[in-house]
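We count residues from 1, following the sequence as given.
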Amino acid sequence: YRRRPDVSAIVHSHSPSVIPFGIVKTARLQPVCHMSGFIGDAAPVFEIRDAAGDASDMLVRDRPLGAALAASLGASSVVLMRGHGSTVVGNGIRQVVFRAIYTEVNARLQADAMRLGVPTVLTTAEAENSARTNDGAMHRAWDLWRRAAMPEPQ
């Protein structure tokens, strides 16, 4: 939060479709659909060995490791954590949940596409414009997810 005053919500997950993109150096997580434009050009990867050495338990347990993770995130919306998962940031709970869900969706789509060939990814402009559009319409997805999680009594 100190490094990113624009961030007021964070989701950390062990998303099974995302983890491979943090452990395979030749496969970068890039936006392949309009719902994932927030990924930008590609999600950075936090290599904990660079900050903790090669004998850590892979957990961010102290301020220096937290600072190293924040440095890897930089200005991005999502950072992959090698062998661990991802951390997604946003300006509020709706945005960060949307981004966390679509990070997983994008990873599945990209991995499926890579089995067929080389995927076409969003350009920088497509990613920026898609992210801006989705930020203005994410309440629709939020309302759907909220109703699914907490159906109204009949």
Side-chain angles (χ1 to χ4, degrees), residues 1-115 118-139 141-142 145:
Y1 292 116
R2 229 172 277 164
R3 287 192 121 167
R4 293 281 301 272
D6 60 310
V7 171
S8 61
I10 299 171
V11 170
H12 168 68
S13 80
H14 303 137
S15 173
S17 298
V18 174
I19 290 174
F21 288 94
I23 60 177
V24 176
K25 291 184 182 198
T26 57
R28 299 173 61 203
L29 184 66
Q30 297 176 279
V32 296
C33 72
H34 73 288
M35 302 302 280
S36 305
F38 62 86
I39 294 172
D41 292 329
V45 177
F46 171 61
E47 173 52 83
I48 196 166
R49 288 178 187 160
D50 294 342
D54 63 359
S56 80
D57 63 1
M58 307 290 288
L59 301 178
V60 177
R61 294 187 172 274
D62 57 31
R63 286 181 187 260
L65 289 176
L69 176 62
S72 291
L73 173 68
S76 299
S77 298
V78 58
V79 61
L80 309 183
M81 302 168 72
R82 194 232 351 124
H84 186 139
S86 67
T87 299
V88 181
V89 300
N91 63 16
I93 191 73
R94 290 178 186 213
Q95 185 182 58
V96 78
V97 167
F98 180 93
R99 288 176 172 179
I101 288 170
Y102 280 103
T103 297
E104 165 70 17
V105 169
N106 190 90
R108 271 188 277 132
L109 291 171
Q110 186 176 348
D112 286 348
M114 290 168 68
R115 284 190 276 284
V118 178
T120 300
V121 301
L122 274 62
T123 65
T124 300
E126 288 172 332
E128 290 171 358
N129 290 329
S130 295
R132 193 171 21 264
T133 297
N134 290 328
D135 283 348
M138 73 178 65
H139 66 279
W142 177 265
W145 297 328

Could you go step by step and tell me if Leu73 and Thr87 meet the side-chain contact (heavy atoms from CB on, under 4.5 Å) rule? CA-CA 8 Å; Leu73 173 68; Thr87 299; 5.8 Å; no
Val60 and Phe46: side-chain contact (heavy atoms from CB on, under 4.5 Å), yes or no, with the steps? CA-CA 11 Å; Val60 177; Phe46 171 61; 4.1 Å; yes
I'd like to know whether Ile48 forms a side-chain contact (heavy atoms from CB on, under 4.5 Å) with Met81, so could you lay out the CA-CA distance, the side-chain angles of the two residues, the decisive distance to 0.1 Å, and finally the verdict. CA-CA 8 Å; Ile48 196 166; Met81 302 168 72; over 6 Å; no
Residue pair Val11, Arg99: steps toward the side-chain contact (heavy atoms from CB on, under 4.5 Å) verdict: CA-CA 9 Å; Val11 170; Arg99 288 176 172 179; over 6 Å; no
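The NE2 atom of His34 lies 5.5 Å from the CG atom of Asn134; values are rounded to the nearest 0.5 Å. In this structure, the separation between CD on Gln95 and CE on Met138 is 4.5 Å, given to the nearest 0.5 Å. Rounding to the nearest 0.5 angstrom, the gap separating the CD1 atom in Ile39 from the CG atom in Asp41 is 11.0 Å. Between the CH2 atom of Trp142 and the CZ atom of Arg94 there is a distance of 6.5 Å, given to the nearest 0.5 Å. In this structure, Ile101 CD1 and Ser36 OG are separated by 11.5 Å, a value rounded to the nearest 0.5 Å. How far CE of Met58 is from CG of Leu65: 11.5 Å, rounded to the nearest 0.5 Å.
Between the side chain of Arg82 and the backbone N or O of Val45 there is no donor-acceptor pair closer than 3.5 Å. Without hydrogens or angle criteria, Asn91 side chain to Ser8 main chain gives no donor-acceptor distance under 3.5 Å.
The two residues Ser86 and His12 make their nearest non-hydrogen contact at O-ND1, 3.0 Å. Smallest separation of non-hydrogen atoms from Val88 and Ala100: CG1-N, 3.9 Å. Summarising the geometry of Gly37 relative to Ser130, their closest heavy-atom pair is CA-CB, 4.4 Å, with the distance given to 0.1 Å. Looking at every heavy atom in both residues, Ser17 comes nearest to Ala107 through O-CB, 3.2 Å.
Not counting sequence neighbours, the partners of Arg4 by the salt bridge (charged side-chain N to carboxylate O under 4.0 Å, His left out) test are Asp6. Looking at residues two or more places apart in sequence or on another chain, you find a side chain to side chain donor-acceptor pair (under 3.5 Å) between Asp112 and Arg115. Evaluation of the salt bridge (charged side-chain N to carboxylate O under 4.0 Å, His left out) rule for Arg49 yields no partner, not counting sequence neighbours. Residues passing the salt bridge (charged side-chain N to carboxylate O under 4.0 Å, His left out) test with Glu128: none are found, sequence neighbours excluded. Under the salt bridge (charged side-chain N to carboxylate O under 4.0 Å, His left out) criterion, Arg28 pairs with no residue, sequence neighbours left out.
Screening residues 56-73 for side chain to side chain donor-acceptor pair (under 3.5 Å), with sequence neighbours left out, gives Asp57-Arg61.
The aromatic rings of His14 and His84 sit tilted relative to each other, their planes meeting at an angle between 30° and 60°. Ring geometry for Phe38 against Phe98 counts as perpendicular: the plane angle is over 60°, on a 0 to 90° scale with 30° as the lower cut.
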